[in-house]
2 protein chains.
Amino acid sequence: MSGNVSSPGATVVSRVLAVLYAFDNGHRRLGVTDLARRADLPVPTVHRLLRELVAGEALTRDAEGRYAIGRRLWDVGMLAPEQTELQQVASPFLSDIHAATRATVHLAVRDGTEVLYLDRLSGRASVPVVSRAGSRLPLHATGVGKVLLAHAPAQLREDYLAAVLRRPTVHTITHPERLGRQLAAVRREGYATTEDEMTLGACSIAVPITRATSGGEQEVVAALGIVVPTLKRERTRLLAALQVAARGIGRSLP
Amino acid sequence: MSGNVSSPGATVVSRVLAVLYAFDNGHRRLGVTDLARRADLPVPTVHRLLRELVAGEALTRDAEGRYAIGRRLWDVGMLAPEQTELQQVASPFLSDIHAATRATVHLAVRDGTEVLYLDRLSGRASVPVVSRAGSRLPLHATGVGKVLLAHAPAQLREDYLAAVLRRPTVHTITHPERLGRQLAAVRREGYATTEDEMTLGACSIAVPITRATSGGEQEVVAALGIVVPTLKRERTRLLAALQVAARGIGRSLP
DNA sequence: TCGCCGCCTTTCACTGAGTGAAAGCCCACT
DNA sequence: AGTGGGCTTTCACTCAGTGAAAGGCGGCGA
């Protein structure tokens with residue numbers, strides 16, 4: 001290499017991944033320069049990588065010359081066993097909940113300090129909801145997030161509470177002690193709720209999905225939640241539907 | 001490079017893709033040697049690539065040392081605009097059909113000479129169905145496949161009919177002329193059906209989803225289908241539900 | 001107990017694939 | 001005609017990638 005030192009760990013593979021990871025929900029179609037900026041790589045290098053990725057059908061290129069994730073990579077992603085096995089088992093149960101409540105239903109797991117949405121069954125004319133399969137949200141502002149945070153390892157939970165938390169709406173609870181007490185309640189009662197905490201006009205209720213570990217203990221592997229305009233007196237009915245489905249899913253897990 | 005000539009077009013990028021593409025529905029978890037065989041690359045090379053991919057969180061490694069597609073790549077795949085935009089628009093309509101019929105609902109597009117399933121809403125205790133989101137099946141043996149084949153470019157259709165067709169069951173129609181006549185009927189009637197042609201004990205009915213092109217013409221972009229144990233007298237009712245949903249989806253497309 | 005086989009991992013000398021600054025395009029806007 | 005933005009190509013340099021070979025490890029049959 002002639003000119004630059006090119007930061008350590010600079011293998012071709014890591015560059016390819018940097019380029020792929022440069023895409024996100026808000027930027028699904030990007031030009032060479034944008035991608036180079038986001039991946040922090042020189043433009044000509046990215047340009048060459050993109051050409052090779054398009055040739056390999058991993059990316060597509062639209063009429064305006066922008067690049068996007070292609071069919072083959074979508075395919076490959078669908079083979080991720082951890083996400084799709086759970087999602088596949090849960091799918092019919094999500095339909096059941098949706099049929100019984102007509103609300104938007106979510107299946108999510110914890111990925112580090114974020115909620116990762118695995119699946120969403122959207123009610124048609126219902127509440128505006130931000131999440132879709134593949135999107136990530138903070139743990140403390142959604143129903144499923146609170147469930148997952150409540151059952152996360154104690155250390156992670158403490159660190160999370162101690163950090164500065166984002167406030168998507170004015171109703172978002174970020175006060176460490178208040179949130180901590182709420183999480184204890186979630187563990188005690190077996191479900192979590194939110195009211196206007198992620199999106200104004202949207203309430204949610206969520207329950208954990210558990211699986212028996214090899215040691216015989218119950219372990220929370222995911223969360224199941226629904227989003228509705230208001231909880232009001234519906235609470236018990238919605239909760240019942242969720243709990244039935246969550247148990248069904250837990251039982252069906254390998 | 002010392003030893004081998006390493007076949008032309010052998011860039012690192014193409015090797016990475018070869019490794020990723022070596023995974024498939026039946027083999028989601030593979031060891032180094034298997035992957036090397038499938039990707040047609042030397043074992044040490046694959047081994048190094050795998051290490052880098054795991055370091056980049058693109059792949060995961062389980063307790064037995066086998067590799068699988070990881071969360072980050074699943075994420076990336078979910079950003080493929082062509083698949084997910086359509087899937088997202090269609091999602092509530094799939095729920096509607098599912099609610100109205102309790103059958104397994106499919107959303108699929110044509111990818112070359114295969115049906116590519118974008119989404120599936122599975123009925124619980126219903127018919128055994130092979131397809132899941134991301135899986136591929138031949139065009140001539142499923143309802144959605146026939147719809148997509150019927151509306152494929154004439155050249156592709158002729159080539160397809162002329163080729164030797166697989167027969168998943170004894171009921172699969174492979175005779176070129178008979179299949180050709182059936183496809184003409186699909187175009188005329190606006191829907192396709194199958195009976196035991198992909199799986200014994202499974203019938204299906206499917207309709208096209210169309211979008212207006214810039215030229216004002218109608219273009220088939222996807223197909224919507226359901227799988228049921230038997231069509232019998234249900235035909236008209238199921239067809240109505242499908243057609244309503246297909247029009248709704250077509251209208252909602254950008 | 002030993003040898004064999006299959007699979008995973010590491011080593012290492014060689015060299016061409018990858019690199020990226022620089023220059024050349026093309027288009028839009030002024 | 002000039003300027004700025006993004007996209008693409010070139011090209012001399014050199015180090016990242018290469019893969020045959022060898023080293024481990026565990027299981028199985030003799």
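So you know, we letter chains A, B, ... as the sequences are listed, proteins then strands, and number each from 1.
- Residue order along DNA chain D, read from the 5' end via each residue's closest nucleotide, puts A/Asp34 first among A/Val13 and A/Asp34.
- Between A/Leu79 and B/Asn25 the shortest side-chain heavy-atom distance falls below 4.5 Å.
- Between B/Thr60 and B/Tyr67, the closest side-chain pair of non-hydrogen atoms is not below 4.5 Å.
- With a 4.5 Å cut-off on side-chain heavy atoms, B/Leu253 and B/Val89 count as touching.
- For the residue pair A/Gln218 / A/Thr210, a side-chain donor-acceptor distance below 3.5 Å is found, with atom types taken as modelled.
- B/His151 and B/Arg110 form no side-chain donor-acceptor contact under 3.5 Å, judged by distance and modelled atom types alone.
- Using a cut-off of 4.0 Å between Lys/Arg side-chain N and Asp/Glu carboxylate O, B/Glu197 and B/Lys146 are scored as salt-bridged.
- Evaluation of the side chain to side chain donor-acceptor pair (under 3.5 Å) rule for B/Tyr160 yields B/His140 as partners, not counting sequence neighbours.
- Taking side-chain N and O atoms only, A/Thr45 has a distance below 4.0 Å to OP1 or OP2 of C/dG20.
- Annotation: proximity of residues 24-32 of chain B to DNA chain C (heavy atom, distance under 4.0 Å) is found for B/Gly31, B/Val32, numbered in ascending order.
- An OP1 or OP2 oxygen of C/dG18 is reached within less than 4.0 angstrom by no side-chain nitrogen or oxygen of B/Arg15.
- Counting only N and O atoms by type, the side chains of A/Arg48 and B/Thr11 include no donor and acceptor under 3.5 Å apart.
- Counting only residues at least two apart or on different chains, the salt bridge (Lys or Arg N to Asp or Glu O under 4.0 Å) pairs with a member in residues 63-74 of chain A are A/Glu57-A/Arg72, A/Arg71-B/Glu82, A/Arg71-B/Asp111.
- Shown here are the side chain to side chain donor-acceptor pair (under 3.5 Å) partners of B/Arg37, two or more places apart in sequence or in another chain: B/Asp34.
- Atom NE2 in A/His47 sits roughly 14 Å away from atom C1' in C/dG20 (whole-Å rounding).
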Is there any protein nitrogen or oxygen under 3.5 Å from a nitrogen or oxygen in nucleotides 22-25 of chain C, and what are the pairs?
none

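- Taking the side chain of B/Arg37 as heavy atoms from C-beta on, and the options D/dT18, C/dT19, C/dC7, the nearest nucleotide is C/dC7.
- Considering only heavy atoms from C-beta on, A/Asp119 comes within 4.5 Å of A/Leu94 through its side chain.
- If you take CG of A/Leu41 and P of C/dG18, they are 15 Å apart, rounded to a whole angstrom.
- Contacts between residues 48-70 of chain B and DNA chain C, counted as heavy-atom distances below 4.0 Å, involve B/Arg51, B/Arg61, B/Tyr67.
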